[in-house]
Amino acid sequence: GAVVSQHPSWVICKSGTSVKIECRSLDFQATTMFWYRQFPKQSLMLMATSNEGSKATYEQGVEKDKFLINHASLTLSTLTVTSAHPEDSSFYICSAPMIGQGGGEAFFGQGTRLTVV
Amino acid sequence: ELKVEQNPLFLSMQEGKNYTIYCNYSTTSDRLYWYRQDPGKSLESLFVLLSNGAVKQEGRLMASLDTKARLSTLHITAAVHDLSATYFCAVDMDSNYQLIWGAGTKLIIKP
């Protein structure tokens with residue numbers, strides 16, 4: 001099946017620094033990708049929709065200046081957590097839909113575990 | 001607002017038993033996903049249900065979708081320890097691949 005690659009799989013950073021997470025669709029093009037966040041023992045929450053060539057759409061309560069999203073090509077979206085703080089520590093997962101003639105399916109990256117110390 | 005309710009949230013069962021996880025959602029949708037997540041890992045796709053009456057089976061797991069009742073079920077037959085994980089259902093809002101997630105069901109299967 002289609003593959004979505006997310007990198008890095010885990011990262012530890014100091015408070016105040018920025019971290020970039022990449023999400024790539026490896027064998028298909030995705031004009032839209034989605035970023036989710038999962039706190040420990042909780043479900044996933046949609047953070048934002050990444051749109052190729054245009055601005056991302058953020059869900060209510062998600063700070064767009066803190067979570068910068070760039071979708072510069074049809075196969076790559078990046079999420080940058082700026083001025084990270086310990087409360088930003090979480091599991092971040094991206095997804096990309098692969099759409100064909102008979103419909104489509106959302107495929108997920110491996111996830112990135114961010115720990116801010 | 002689309003809400004997805006999953007129950008039970010926690011299930012502890014013995015090997016060999018059968019059980020069902022339920023996923024109710026609040027507005028019309030005809031695209032529902034089931035995922036498995038092991039601790040500290042990402043999501044493993046189990047089933048994609050795309051139409052009313054859809055039924056899919058893989059090994060000891062079977063999923064079904066009733067769009068009229070806004071209900072999906074994940075049935076576990078003769079559970080084995082390896083099926084211990086957290087299971088999520090997710091509903092596609094507006095058929096645009098933007099998913100709304102259930103709270104998850106943590107399943108523990110005791111040998």
Side-chain angles (χ1 to χ4, degrees), chain A residues 1-10 21 23 25 28 30-51 56-60 62 77 89-115, chain B residues 1-11 21 23-25 29-52 54 56 58 63 65 67 84-108:
Chain A
V3 177
V4 174
S5 177
Q6 193 172 336
H7 178 80
S9 56
W10 62 270
I21 304 170
C23 181
S25 55
F28 65 101
T31 57
T32 302
M33 294 185 181
F34 302 98
W35 288 96
Y36 296 86
R37 181 174 183 175
Q38 185 182 30
F39 289 106
K41 298 183 180 181
Q42 294 190 25
S43 188
L44 281 77
M45 295 293 292
L46 178 67
M47 297 177 66
T49 302
S50 174
N51 304 299
T57 305
Y58 290 82
E59 296 301 301
Q60 191 172 7
V62 178
S77 174
S89 299
S90 187
F91 193 54
Y92 294 87
I93 307 176
C94 69
S95 80
M98 187 179 76
I99 303 168
Q101 285 188 334
E105 182 177 345
F107 291 91
F108 285 81
Q110 303 95 317
T112 298
R113 186 162 302 283
L114 170 63
T115 302
Chain B
E1 180 188 357
L2 177 62
K3 292 184 180 179
V4 180
E5 293 185 348
Q6 205 173 321
N7 71 86
L9 299 182
F10 179 80
L11 179 58
I21 300 170
C23 178
N24 290 89
Y25 52 98
S29 175
D30 57 2
R31 188 185 300 267
L32 189 141
Y33 299 77
W34 283 97
Y35 292 93
R36 167 181 174 152
Q37 187 178 39
D38 292 295
K41 304 292 185 181
S42 190
L43 300 160
E44 176 187 349
S45 178
L46 297 176
F47 301 106
V48 182
L49 303 170
L50 300 176
S51 62
N52 185 41
K56 291 192 175 180
E58 183 71 36
L65 177 63
T67 58
S84 297
T86 298
Y87 292 84
F88 291 96
C89 66
V91 177
D92 188 339
M93 186 171 66
D94 299 326
S95 296
N96 63 1
Y97 307 98
Q98 194 179 69
L99 302 185
I100 306 299
W101 296 78
T105 297
K106 184 172 183 178
L107 177 64
I108 296 177

query = Any side-chain heavy atom of T32(A) within less than 4.5 Å of one from N96(B)?
reply = no
Honestly, the part of L44(A) sitting under 4.5 Å from a heavy atom of chain B is both
Of the listed Q37(B), R31(B), Q6(B), the one with the largest count of heavy-atom pairs under 4.5 Å with chain A is Q37(B)
Residues at least two apart in sequence or cross-chain that pass ring pair (Phe, Tyr, Trp, His ring centres under 6.0 Å) with Y35(B), listed by chain then number, are F108(A), Y33(B), W101(B)
Turns out that what part of Q6(A) lies under 4.5 Å from chain B's heavy atoms comes down to neither
Exercise. Verify side chain to side chain contact (heavy atoms under 4.5 Å, CB included) between S45(B) and F107(A), making sure each step is shown before the conclusion.
Key: CA-CA 8 Å; S45(B) 178; F107(A) 291 91; over 6 Å; no
Pair count under 4.5 Å, heavy atoms only, with chain B: among S9(A), S95(A), A106(A), highest is A106(A)
Practice item. Please check if atom CD in E59(A) has more than 12 non-hydrogen atoms from other residues, nucleotides or ligands closer than 6.0 Å. Key: yes
Turns out that what part of K106(B) lies under 4.5 Å from chain A's heavy atoms comes down to neither
Correct closest heavy-atom pair for Y36(A) and L99(B) would be OH-N, 3.0 Å
On a heavy-atom basis, the closest approach of S42(B) and G109(A) is OG-O, 2.8 Å
If one checks every heavy atom of I100(B) against chain A at 4.5 Å, the contacting part turns out to be neither
Sorted by chain and residue number, the salt bridge (Lys or Arg N to Asp or Glu O under 4.0 Å) partners of R36(B) (sequence neighbours excluded) come out as D38(B)
- Item | Side-chain heavy-atom pair S43(A), F88(B) within 4.5 angstrom cut-off | yes
Counting heavy-atom pairs under 4.5 angstrom with chain A, the leader among A90(B), P39(B), G102(B), G104(B) is G102(B)
Applying a strict 4.5 Å limit to non-hydrogen atoms, the region of E105(A) in contact with chain B is both
